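Note sheet for the following structure.
Keep in mind the model is a prediction, meaning the values are calculated, not measured.
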Amino acid sequence: MNHKIKGLRLKYLTSFVLGICACGYALSSQAASPGDAINWEPGKTKVNNGDIVVYQQSCYKAKNSPSSWESPSVNSWFWDVVDCPTGGEPNPNPNPNPNPNPNPNPGELTIIPDGKGGYLMPRSELVAIEESQTNTDLFKLVRSDIATLDNAAVEAVAPLKATNPENVRRAESIVDDAMWNYLFPLRNDKYTYQRFLQAIAKFPAFCRTYTDGRNSDEICKRSLTTMFAHFVQETGAHAPSWETSKGVSEWRQGLYYLREMYKSEDKLDKTYSKCGGWQGERWPCAPGKSYFGRGAKQLSWNYNYGPFSEAMFGDKNVLLENPALVADTWLNLASAVFFYIYPQPPKPSMLHVIDGTWKPNAADKAAGIESGFGSTIQIINGAFECNKGAETTLAQNRIDYYKLFAKELSLDLTGEKLGCADMKPFNTDGAGALMITWDKNWGWNPNTPGNHSFTCKLVPYQYAFNALFKGDYEKCVEHHFNVQTYDENGNVIPEGQ
């Protein structure tokens, strides 16, 4: 039963100002440039070091070769605040957050002690803060990348159907049923061609149509080639002798395993279960279930099954409670596409690497990270396979498979960096460190209980609260500050609703 709050007049007035760190993506620029400054448009404007741009009524000078997505902001690695050349003066205190404070009374949070050691806050204020910080080009871009097709429509997909989505028909034009059988002749029976198409259908960004001049067919072909190479390494039979005995070269032995070797559904294996800490709290392990590798990507760990389940069903518990579905249904291939399109800050998504959205910045280049297949190895298993001074056996396998698939699919690899021997891990200074996760704001506020901020902030690393999903800001604040929310009628909202 909901409880009605009485005495809502008590407020802690704060001097808190909503802030957002520079993350390389921002809202579109505003009015025309003063004088000779270049009008900055995120994702479009290209500059050289020393160029002056105007963005949100302030002027900045470029340094350290910013990409088109590294929008100007205060204290940025790529920009210095400067006077505008002519026609106006910059804002003396430029604010990197283009969004206004959403609260009806600027700078004010409503915080009510609940008499039990915790606090109450209005959901409307938390929703407004969340919307103000996620209504940016960055979030529009990534949300379009991770958008999914309704499962009923996915299950209607079949080879050569005229009603198949456009991205599926593009993939079919590159890899048809006969090619699928040739490339994966020893695959497990549950890796069907139809399920391959359904996996692509679920994520419309995969093999999408680009309208900005990029070659959609070439990007689709490169995406498939990249995924296939990783399929072989993750699920291949790896039996060189079969080239003679079965007539199948090692690079065509992919998708042989449906489940990780020596693992089974009837034997509890806690190797891949992070049931404690924030991972276990956010994505709780189900009794008697194991989260070993399943499917074409060999999806592992409860903290990967949970997010995948949320993407597929809008409910984390479906796959946490039934992980075998990742092996036995069309999810066995969809899990690989899911991994391909989702960014994992500070890592970019493979999609952004391959379609050119992600461009290595100065920090990436200093770490040896460049565009190409090598960076996808760093994304998928860099801790074990990269930055070893020479290509590891596993990384070299992936490179060899990639070359062979590329030859079969007529993909040009000229100039592409294929290896990762000299690549250090992605870090929070890199262009892939998208600010799409909520974590506690440790800031100090003199006008709140305990002088806590009672807010969360966007951070460039992975944590329990994903800013791509509405409501996770509220969950973050509740988790870190012992808060419950109430609705517009003053009713306390039960946990989880």
Side-chain angles (χ1 to χ4, degrees), residues 25 42-44 67-69 136-176 179-180 193-231 296-297 308 311-312 330-331 333-344 347-359 371-373 375-376 379 405-406 409-412 416 431-432 434 436 468-469:
Y25 294 72
K44 296 181 179 180
S67 75
S68 62
W69 283 110
T136 67
D137 284 344
L138 164 64
F139 282 91
K140 292 173 185 175
L141 171 69
V142 180
R143 282 175 178 148
S144 73
D145 291 342
I146 66 173
T148 56
L149 186 66
D150 180 76
N151 283 351
V154 170
E155 290 170 357
V157 168
L160 300 178
K161 284 184 68 172
T163 55
N164 284 347
E166 183 179 33
N167 67 320
V168 174
R169 286 184 274 118
R170 174 171 285 110
E172 285 184 282
S173 71
I174 297 170
V175 177
D176 60 15
M179 178 63 78
W180 179 257
Y193 182 65
Q194 180 170 353
R195 287 179 173 178
F196 164 66
L197 298 182
Q198 289 173 329
I200 293 171
K202 182 63 182 178
F203 299 97
F206 190 92
C207 287
R208 64 166 32 130
T209 298
Y210 293 84
T211 59
D212 57 3
R214 283 180 282 183
N215 187 323
S216 303
D217 291 342
E218 194 276 341
I219 291 171
C220 181
K221 184 182 294 187
R222 192 171 298 277
S223 299
L224 293 169
T225 304
T226 299
M227 285 204 353
F228 291 170
H230 292 310
F231 283 179
K297 162 60 184 62
F308 181 45
M312 295 296 99
W330 60 271
L331 300 181
L333 286 156
S335 55
V337 184
F338 163 80
F339 184 85
Y340 175 91
I341 66 166
Y342 264 74
Q344 303 172 35
K347 301 176 184 179
S349 65
M350 289 192 187
L351 171 64
H352 281 184
V353 169
I354 290 171
D355 74 5
T357 299
W358 171 82
K359 298 184 186 302
S371 300
F373 183 73
S375 58
T376 73
I379 290 171
F405 278 112
L409 298 180
S410 301
L411 179 67
D412 184 9
E416 183 175 351
L434 305 183
I436 56 175
L468 296 169
F469 300 125

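Residue Arg143 holds its CZ atom at 10.0 Å from CD1 of Ile436, rounded to the nearest 0.5 Å. Note: Leu160 CG to Arg169 CZ = 11.5 Å, rounded to the nearest 0.5 Å. One finds the CE atom of Met350 at 5.5 Å from the CD1 atom of Ile379 (value rounded to the nearest 0.5 Å). Between the CG atom of Leu409 and the OG1 atom of Thr225 there is a distance of 4.5 Å, given to the nearest 0.5 Å. Atom CD of Gln194 and atom NZ of Lys161 lie 8.5 Å apart (nearest 0.5 Å). Here CD1 of Ile341 is found 9.5 Å from NE2 of His352. Values are rounded to the nearest 0.5 Å.
In this structure, the side chain of Asn164 engages the main chain of Ala158 through a donor-acceptor pair within 3.5 Å. Although no hydrogens or angles enter the test, the distance criterion places no donor-acceptor pair under 3.5 Å between the side chain of Lys297 and the main chain of Ser335.
Residues Arg222 and Glu416 are paired through a salt bridge, judged by an N-O separation under 4.0 Å between the basic side chain and the carboxylate.
Cation-pi contact between Arg208 and Tyr210: present, with separation from the ring centre below 6.0 Å and deviation from the ring axis of at most 45°.
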Residue pair Tyr340, Ser349: steps toward the side-chain hydrogen bond (donor to acceptor under 3.5 Å, both in side chains) verdict: CA-CA 6 Å; Tyr340 175 91; Ser349 65; over 6 Å; no
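At a cut-off of 3.5 Å, with distance as the only test, no side-chain donor of Arg214 or Thr209 sits close to an acceptor on the other residue.
Residues Pro204 and Asn167 come closest through the heavy atom pair CA-ND2, 3.6 Å.
With contacts defined as side-chain heavy-atom distances shorter than 4.5 Å, the pair Leu333/Phe231 qualifies.
Between Phe373 and His230, the gap from one ring centroid to the other is short of 6.0 Å.
The side chain to side chain contact (heavy atoms under 4.5 Å, CB included) test with Ile146 singles out one residue from Phe203, Phe338, Tyr342, and that residue is Tyr342.
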